[in-house]
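For the numbers below, each heavy atom of this structure counts, side chains included, while hydrogens, waters and symmetry mates do not. Source: prediction; values computed, not measured.
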Amino acid sequence: MSAYMQKVGLKLFKQHLENYTPPDPLYEYYNDAKGKQRRKKRDVPPGISPRDAKILKSIQRRAHHLDKSFSFCGLRFGWTFIIGIIPGAGDVACATLNYILVIRKARQADLPPWLVGRMLFNNTISALGGVIPVLGDVVIAVYKANSRNAILLEEFLRVRGEEYLKLQAEREVEVKGRAVTSGVSPSDMQQVKPGAGMSESGRGFTSFMSQRKKNQALEVNSDRGRFIEHMDS
């Protein structure tokens, strides 16, 4: 096979892998005006607390080093692949690092149980893949459980930020004396927790919902008083 065909085959193989591997959790790539590919760090989703932003940045950085810190012939891999080469102990070490450095850190962001379960599922697939000699290491390098978990966290926090900004907009409308009905159910709100991690300044989700309940109670009492007055007259 000629060198050209080897290059083409490697490129196709790389494109095929990209269909199964998650994007880089730390960087996003773009083409500049000259068509040259460049990268920049991912933007923090708007509307999330400084605590959540700090957790996300930490996990993105750790996942990048664990899954994509090295490149060979256009293929990216990280420390989990290198450590996993060690028979037995390497697989245990990888599973432990994946949990301690990524999942345990992510749980500090008040995540719902179903999301933590999904992250543990990704970690389990990676751990089971490492049991298979040689081929299992390839599975770990391609699957990239840490990158998947970092992307899951980013997307969840993006939803949390969007809902927090909506709550802020609703609060401004209520201050103006207009009634607002949120399109999100209370159970979903309890899982997403908009404003989680905000400083105790009355801007968080708990403060907003408690204030809304007080306003609704006042409205009910006020309406009841007017109703009684009408009955007496």
Student: Please check if atom NZ in Lys54 has more than 12 non-hydrogen atoms from other residues, nucleotides or ligands closer than 6.0 Å.
Tutor: no
Student: Please tell me if the side chains of Ser49 and Arg160 come closer than 4.5 Å, counting only heavy atoms from C-beta onward.
Tutor: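 Answer no - side chains too far apart.
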Student: Do Val116 and Val102 sit in one hydrophobic cluster, given that two such residues count as connected whenever their side-chain heavy atoms are within less than 4.5 Å of each other, even indirectly?
Tutor: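 As far as the 4.5 Å side-chain criterion goes, Val102 and Val116 are connected within one cluster.
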Student: Ignoring hydrogens, what is the shortest heavy-atom contact between Lys193 and Gln190? Give both atom names and the distance.
Tutor: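 Smallest heavy-atom distance, with atoms named: CG-O, 3.1 Å.
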Student: Do the non-hydrogen side-chain atoms of Lys41 and Tyr27 ever get within less than 4.5 Å of each other?
Tutor: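 Yes, their side chains come closer than 4.5 Å.
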Student: Are the side chains of Asp67 and Pro22 in contact, using a 4.5 Å heavy-atom criterion?
Tutor: no
Student: Could you check Arg39 against Gln37 for side chain to side chain contact (heavy atoms under 4.5 Å, CB included), going step by step and ending with a plain yes or no?
Tutor: CA-CA 7 Å; Arg39 71 179 187 180; Gln37 188 181 66; over 6 Å; no
Student: Check this for me: Phe70, atom CZ, are more than 12 non-hydrogen atoms of other residues, nucleotides or ligands nearer than 6.0 Å?
Tutor: yes
Student: Indicate yes or no: at least one non-hydrogen side-chain atom of Arg148 is less than 4.5 angstrom from one of Ser126.
Tutor: no
Student: Would you say that Val44 contacts Leu157 through its side chain, given a criterion of any heavy-atom pair below 4.5 Å between the two side chains?
Tutor: no
Student: Would you say Leu152 ends up clustered with Trp114 if hydrophobic residues are merged whenever their side chains have heavy atoms under 4.5 Å apart, either directly or through other cluster members?
Tutor: yes
Student: Is the count of non-hydrogen atoms from other residues, nucleotides or ligands lying under 6.0 Å from Arg51 atom CZ greater than 12?
Tutor: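 Atom CZ in Arg51 is packed in, count exceeds 12.
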Student: Search all heavy atoms of Ala109 against all heavy atoms of Asp52 and return the closest pair with its distance.
Tutor: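 Taking Ala109 first and Asp52 second, the nearest heavy atoms are CB-OD1, 3.7 Å.
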Student: Which heavy atom of Ser71 sits nearest to which heavy atom of Arg76, and what is that distance?
Tutor: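 Heavy-atom minimum between the residues: CB-NH1, 3.6 Å.
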Student: Do the side chains of Leu101 and His65 get nearer than 4.5 Å, heavy atoms only?
Tutor: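 SC-SC contact between His65 and Leu101 ruled out.
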Student: Do Pro194 and Met189 have side-chain heavy atoms sitting under 4.5 Å apart?
Tutor: yes
Student: How long is the gap from CZ on Arg62 to OG on Ser147, to the nearest 0.5 Å?
Tutor: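 These two atoms lie 14.5 Å from each other.
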Student: Run Trp79 and Ile82 through side chain to side chain contact (heavy atoms under 4.5 Å, CB included) and show every step you take.
Tutor: CA-CA 5 Å; Trp79 284 106; Ile82 296 176; 4.2 Å; yes
Student: Are Leu120 and Leu111 joined in one hydrophobic group, where the rule is that I, L, V, M, F, W and Y side chains link up if heavy atoms are under 4.5 Å apart?
Tutor: yes
Student: Using 0.5 Å steps for rounding, measure from the NZ atom of Lys105 to the CD1 atom of Ile59.
Tutor: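 The CD1 atom of Ile59 is 7.5 Å from NZ of Lys105, to the nearest 0.5 Å.
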Student: In this structure, would Ile100 and Ile103 fall into the same cluster of hydrophobic residues linked by side-chain contacts under 4.5 Å?
Tutor: yes
Student: Enter the distance from Ile151:CD1 to Asp24:CG here, rounded to the nearest 0.5 Å.
Tutor: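 CG of Asp24 is found 8.0 Å from CD1 of Ile151.
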Student: Could you state the interatomic distance from CZ (Arg38) to CG (Asn31), rounded to the nearest 0.5 Å?
Tutor: 10.0 Å
Student: Apply side-chain contact (heavy atoms from CB on, under 4.5 Å) to Glu162 and list each qualifying residue two or more places apart in sequence or on a separate chain.
Tutor: Arg158
Student: Consider only side-chain heavy atoms of I, L, V, M, F, W and Y, link residues closer than 4.5 Å, and tell whether Leu26 and Leu66 are in one cluster.
Tutor: no
Student: Between side-chain atoms of residues 88-99 and protein atoms elsewhere (two or more places apart, or another chain), which donor-acceptor pairs fall under 3.5 Å?
Tutor:
residue : atom : partner : partner atom : Å
Thr96   : OG1  : Val92   : O            : 2.8
Asn98   : OD1  : Asn146  : ND2          : 2.8
Asn98   : ND2  : Cys94   : O            : 3.4
Asn98   : ND2  : Asn123  : OD1          : 3.2
Tyr99   : OH   : Arg107  : NH1          : 3.4

Student: Any side-chain heavy-atom pair from Met198 and Tyr164 closer than 4.5 angstrom?
Tutor: yes
